[in-house]
Protein chains: 2
Amino acid sequence: MAKRLTQQDIARMAGVSQATVSLVLNNRQDGGARIAPETRTRVLEVIRRTGYVANPIARRLHDQRNRILGVFTYEAVFPSTRADFYQPFLEGIEEQAEEAGCDLLLFTSAKAAGGRRRIFSDDSRIRLADGCVLLGRTLDRGDLAQMLTEGIPFVSIGRRDDAGGPVPHVGADYPAAVCDLVDRAVALGHRRFAYVGAGKGAESSADRLRGFREAVAAHGVDGIHVPFTGLDQLLGAGVTAVLTEEVSDGAALVLAARDRGLSVPGDLSVLMLGAATRPAPDDVALTGFRIPRREMGRRAVQALTEVLERGSTPQELLACEFIEGSTLGRA
Amino acid sequence: MAKRLTQQDIARMAGVSQATVSLVLNNRQDGGARIAPETRTRVLEVIRRTGYVANPIARRLHDQRNRILGVFTYEAVFPSTRADFYQPFLEGIEEQAEEAGCDLLLFTSAKAAGGRRRIFSDDSRIRLADGCVLLGRTLDRGDLAQMLTEGIPFVSIGRRDDAGGPVPHVGADYPAAVCDLVDRAVALGHRRFAYVGAGKGAESSADRLRGFREAVAAHGVDGIHVPFTGLDQLLGAGVTAVLTEEVSDGAALVLAARDRGLSVPGDLSVLMLGAATRPAPDDVALTGFRIPRREMGRRAVQALTEVLERGSTPQELLACEFIEGSTLGRA
DNA sequence: AGCCTGTAATAATTCGAATTAGCATCTTGA
DNA sequence: TCAAGATGCTAATTCGAATTATTACAGGCT
């Protein structure tokens, strides 16, 4: 348990004061503080020899930057069930953090009291980081509000409604992406649409449904909303194109339709809205769009940098990419 | 950007001293410090009203511990090419860190000067954490030596040779696992073996080859070592059982043999030694063993805790698990 | 009154680094 | 030769919370 070197130790070894070591380290020339080149070299030599590094904790008490970016997720980051969904975000975050010369702090210590992590607990460590990226399909509104009132710099991945103030975020432009899909389907002759999924709760769900409603209204076509997959109900309503919030629902629908001897997309077109948050069969090449997750991760870190440097409140939506697939055809 | 409340602020509001607030917060009854119930309630009320949370930075400055564990990898953690291999380790690390109430710091800031991260650079931030888990197929010997001489608490995942002193590690018991495979093959009548792979460089390679050599010697059977897959060479030498260091090599060998009309395991048995570090075809159910990666991650964090608390140098090898597969049969 | 014992709270110090104010010492210029 | 100005460095303070040493005061006892 070797004790960590302090500036005081370095100072003693170099025969100078602690203040001098600090001045050398920070290369201060302004403020009337000068260090002779000879002394500077001597101090630097001791530092090089010992591999001394300033204790970031102590430093942070003074500065307002420690080059540590926090990543908060309500669930474990690595476990494999969710990994496929979260991973691209994290890739982007890591990439950009590396570029910015920052380390990433994963808040694994956040007590999972009710099975779910909490940002603010008795002993919240969120302040350890300079700022924080919040990742999760839904975020606790109370937590968001507290982040805002406490002035903790953060950026949410995914658009968020106001929570006692605008929430800085980098999201996916779901309304535009859904609208694009409806446009394409209308161009192929579809006139009766259905949206399958919650369409509320998480902003990402609400945004998709909103895009759907706006799109069908703009085209003057029919669009119904059903929370759950019901093939009979859809066919009974004369629906020819279905948009499913969940990829797994879309895949299930396709399989169910084919089971019944229907052709997809001959008799029914199925469109999926984004990426799978639950495991889904991958043998069905659904038409739909791709969430730019990696790019969102990158942009979130960039946005966080802006928050830290300028105190701004960036809000940005990135475009989704159309995926051709094979489940969209003529009505 | 509301300024953060301090204990001093709380103290003022409650009409007491900062010390009293601290005592109330930490519920100190020992050490001769007493707080009247009435005062305690008053202070707690102010804390409740304001939602005050202690600044963890200041707290960690006083105690020597950060409750931050570092994770160093020479490559990016998340990117998907290596993700399949690293992920289980990280799962285990995260799990155990959560249990220990520690946060994880990923050293993404480490300069990628030559494309590869370095533990020690001009501005190494390795000391940020209380201690550190090192993850990677190979670790720089110089880096390890420096970690030892500087007394930075750490644990390597994977056995490591001495580097100017014993290196604390949690590894997989490759010699035993390879030996077990050879045992099984001998029991099935195999007498001529081949080991395909580098067998040197990384400790993990060397350990496998060593296990192989010891096993064939113990059984008094033939065992040759070839660095690369060469089906003709193997058959020409009369080999009936091949152990491949790389999973992908094993899979390639099986496919090549079947291409040539040979039966696996009828004419040739193929055994793989561990997990795929490169993408490998997954339609070949190779017989071999599984590296307990998740468990290794967990144990590494536990070992790191021991290093931190007792200053010990834990070295431990975990057993690998036999995988039945379908590529081992009678000679 | 004088002394002791508990009790309740506070002043002062600590952690490690950054910063400010200021003290010596040395140069210059008149 | 002496004031003015540079120069080189250090003492002291700051950050926020935890801990120690200490004070203040009440009541009981002789």
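Quick note on labels: first sequence line is chain A, next is B, and so on, each numbered from 1.
Contact check, A/T20 against D/dT10: a side-chain N or O comes under 4.0 Å of OP1 or OP2. Between B/S22 and D/dA17 there is no side-chain polar atom (N or O) within less than 4.0 angstrom of OP1 or OP2. In this structure, A/R34 does not reach the D/dA6 phosphate: none of its side-chain N or O atoms is under 4.0 Å from OP1 or OP2. Look at B/N26 and you'll find a side-chain N or O under 4.0 angstrom from OP1 or OP2 of D/dA18. Applying the 4.0 Å criterion to OP1 and OP2 of C/dA18, one finds that A/Q7 has a side-chain N or O inside that range.
With the end axes of the helix from C/dA1-D/dT30 to C/dA30-D/dT1 each set by five pairs, the angle from one to the other reads 80° at 10° resolution.
Within the 4.0 angstrom heavy-atom criterion, only backbone atoms of the sugar-phosphate kind lie near A/A54; the bases stay farther away. Contacts of A/T6 with the nucleic acid, taken as non-hydrogen atoms under 4.0 Å apart, involve only primed sugar atoms and P, OP1 or OP2. B/V16 comes within contact range of the sugar-phosphate backbone alone, with a heavy-atom separation under 4.0 Å but no base atom that close. As judged by a 4.0 angstrom heavy-atom cut-off over every strand, A/I57 is placed among residues making no nucleic acid contact.
As rounded to whole Å, 6 Å separates atom C1' of D/dG16 from atom CG of B/N55.
Contact check of residues 35-48 of chain A against DNA chain C (heavy atom, cut-off under 4.0 Å) returns no residues at all.
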